[in-house]
Every structure is written in C-alpha cells, then in structure tokens.
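Notes for the one structure printed next.
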Amino acid sequence: MNIRIAGGRLTDPTIGLDSMGDIYIKEGVIAAIRAEGFEQGDIPEGDTQQVDVNGALVTPGLIDLHVHFRDPGFCYKEDMTTGCASAAAGGFTTVCMMPNLKPITDTPELVADLAKRAEGIRALPVGSITMGQKGVEITDAAGMKAAGACAISEDGRSVMDAAVMYRAMEAAAKADMPVFDHTEDDSLAGTAAGEAVIAVRDMLFAKETGCRLHLCHISCGLCLDAIRAAKANGLDVTAETGPHYFMFDKSRATHGHFKMNPPLRTREDVQAVIEAIKDGTVDVIATDHAPHSAEEKLCGYDKAMNGIIGLETSFPVSYTALVRGGHISLDKLIRLMSCNGAAILRDDSRGTLKVGAAADVAVFDIDTPYVIDPAAFKSKGRNTPFEGMEVYGRTLLTICGGEIVYRA
Ligand code: DOR
Ligand code: ZN
Ligand code: ZN
C-alpha cells in the first residue's frame, strides 16, 4: 500500500526544500512531493494510507554512525530488538553498530550474521580493525565489506601500534571502506592530549594511504583545532561529536550517568565543540548510544562503566540546544544528523527526501515542549544524563523503506 504523509513542513537541505506539503511513498521509495513552490515526481495510483501530520516537521530519516547494541554478548544491556526499537523511536532509520561485542565482529561470517538481524530500521555492522580488538593482526576489511560491514572501527580503544594501524588503513583504502576512529592514546587515556595525538597520527596516515577517515566522538578544542587545520590543508577527513559534549562540562561528572569515554571536558571545550559544529569542523552528530545496566552505572562515578544512551534524546536535545538556542539553522542540524552521515556511507539514496530515494522519513513535533522521561524509552538502558530536561522535538512517526516502524 502507498503512503501519503499529508500536511507536513517538509525539510531537506539537499534539494533546497522547506515548505508545507505532502510526500507520497510507493514500494519503499519516495514517489512524489507536492509542496508550496516545489513539485517532484508523479502521485502514485492505487490504495494509499494517508497519515496526517498537522504541520509537524518532516525530515529525511536520521542516521547515527555510532551505536552499541550489545548483541551478541551483552543482551542484558540492550539487544537487537530493543536497540532497533530505540533507534526508530528517536527518528533514526540507519545506525552503525560498533564491533565491541562478544564475539567481537572481526570476520566476514560474524558481519554476515549480524547484518541479517536488523529489525525495522537498517542496523549496519561495523567490523573491527584487528582480530579480537587486540591490536595485533588486521582483519579482512574487504571480506567484511562484502558481507555487509559499512566501516571498520576499534571503538572502545585505539590501535596503539602505529604500523598495524597504517596497514589497516591501507587495506581500508583499497576496500574503499571508511575507518571510524576512536582516538585515545593508552598512555594518556582520558586526556585531551591523548585524544588529539591519535587523531593527528591517523590524519597523517589518511593522507599517506588515501583512507577515508572519520573521527569518532571528538570532545575537545585541542583536537578540533587540529582537525580544522587538516581540513584547511585539503585533507578529506570527517569528524563527529555527541550531544553530551556540547551540553555538559566536567563539573557535571559526579554521577554515573555523566560518565563516558571520552569524558566530559572543560567549559572552554564545550564552547569549542559548539564553534566546530558551527564552522563545519564537525560534520556529524552521533550518539555513541552505550547502554549499561543500573548496577553498572549507579555505583558511584569512579566505579561506573563508561557510556550513556542517546538514541531517544539526540534529536530533541540537539534541536533544542543548537537550533532553538540560536547556534545553527534547522537545515544545518538535518545535515549533521542525516545528510552528512549518508555521504560518509556513500549512500546517495539516504539522507534525502528526493524522488527515487529510499522512503526513510522522520516526523517531529518541534512546537510542544516535553520532559525527557527515561521510563518511556524503548531502550533497555536508563543511563541518560538528559533525564528531566525540557525539550522540543518529540518523534511522532518514523518510516524506514516505506514501512511505518514507529508511531507515537
Ligand atoms: O563511553 C563509551 N562507551 N566509550 C566507548 O568508547 C565505548 C562505549 C561502550 O562500549 O560502552
Ligand atoms: Zn569510542
Ligand atoms: Zn562507542
């Protein structure tokens, strides 16, 4: 059955669309747009389900390049079903699942097993850079790509042996696969200098190898300055940050729900992250959605495990703080949360509402405030620092590949 999303504020910076109108979906694809001053495609014939959205914001489905779904191995924290449900409830239609599972996603077979298991949304496996994430023997990047991996990453740590990382980046370049880089020097763990030194090392390697490098969860001004300089020098590198890094400084790091890696940093770093979002040094907002159990988080800051959840708060927190807060436009936020991620994945049928693209669509109410209540999350995780915050941008509807996967 066709779907008509009727009466929305349709917004897609990739096609210069921001006006009131309708989207028509047929067989999993965007078939037509009819909006004020904008007309594309042919209205499909046949049975059509009409979904009235009453002026709500309609965007391309959101893309999160960085999530931890904990399945297999740690399903008490999250599993494929709850992870995908949490993504859909946050307006996400594509997510990239980091490989620090049990077993670690380090072979084409394990990638293929995971790739089959996504539910409703697209959950893409990321393969590890080294076997068992031990930092010694590189994985088969090309084989994992053929099996469905969207990238390789050692997330949770860095590959500390420079020669191993260099060889892995050569292999990734050859396989035309991006490297999602957790940048943290073991000997300077948790520091801004430790984050920046590995980022700089790997940017040098990207220049030498031609590897597509994406820097994960950048949190500090020192590192952002280095990325800005590299980009100004013509290096084709991309960077992500997370909502927590532009919302909180380290004065909040007293409760387990404010503990993650990299950690919250100084007030100046928070300002630097906002500036880097504004000037294009940061390309992507990702969540690093990292569910843990209550026992693992509510045991005092020092003992708590690293990681916070984010899928069901990322859009409203980012919209409220960055767009309503006057730092960036709505178009820019959609680029940060959808279009730019699609470009990094080299997927030109996603991150856009253009006719012919996959019918991945999110609908948000950006006019009515609400208070974030973790009890309402689809995720098994309750480890959010955003509990009790008043925000705008509740998800009303998520459609992935033409199927309704979430409806408030
Ligand atoms: O806070 C974090 N949690 N940082 C990481 O690098 C890993 C992640 C996890 O897997 O929990
Ligand atoms: Zn990481
Ligand atoms: Zn992570």
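Every number for a ligand or one of its atoms is a count from 1 in the order of the listing.
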Lys NZ or Arg CZ of Arg324 over Tyr319 ring: under 6.0 Å, within 45°
no
In Asp288, the N/O/S atom nearest the Zn ion (ligand 3) carries the name OD1
What part of His182, side chain, backbone, both or neither, has a heavy atom within less than 4.0 angstrom of ligand 1?
side chain
Can you sort out which atoms of ligand 1 are near His292, meaning under 4.0 Å from one of its heavy atoms?
11 (O)
Just to the nearest 10 degrees, tell me the angle at the Zn ion (ligand 2) spanned by His217 NE2 and His182 ND1.
100°
Do the charged groups of Asp236 and Arg212 touch, with an N to O distance under 4.0 Å?
no
Arg117/Asp79 ion pair, N-O < 4.0 Å:
no
Please state whether the separation between the Zn ion (ligand 3) and some N/O/S atom of Cys216 is under 2.8 Å?
no
Per the side chain to side chain contact (heavy atoms under 4.5 Å, CB included) rule, which among Thr254, Asn306, Leu264 passes with Lys259?
Asn306
Nearest neighbour of atom 10 (O) of ligand 1 from the list Asn306, Asn100, Asn383, Asp288, on a heavy-atom basis
Asn100
Mark yes when over 12 heavy atoms from residues, nucleotides or ligands other than Glu27 sit less than 6.0 Å from its CD; otherwise mark no.
no
Heavy-atom distances under 4.0 Å decide this one: backbone, side chain, both or neither, for Arg70 against ligand 1?
side chain
If I consider every N, O or S atom in Asp155, which one ends up closest to the Zn ion (ligand 3)? I only need its name.
OD2
Can we call the ring centroids of Phe364 and Phe315 under 6.0 Å apart?
yes
Polar contact flag for Ala290 and ligand 1 (N/O pairs, less than 3.5 Å)
no
If the cut-off is 4.0 Å to any non-hydrogen atom of Met260, which atoms of ligand 1 fall inside it?
1 (O)
For ligand 1, does His68 get within less than 4.0 Å through its side chain, its backbone, both, or neither, judged by non-hydrogen atoms?
side chain
What residue and atom, counting heavy atoms only, is the protein's closest point to atom 1 (O) of ligand 1, and at what distance?
Asn261 N, 2.9 Å
For Asp360, is there an ion pair with Arg350 - N to carboxylate O distance below 4.0 angstrom?
yes
Looking at Glu195 and Arg265, is there a salt bridge between them, counting it only when a charged N and a carboxylate O are closer than 4.0 Å?
yes
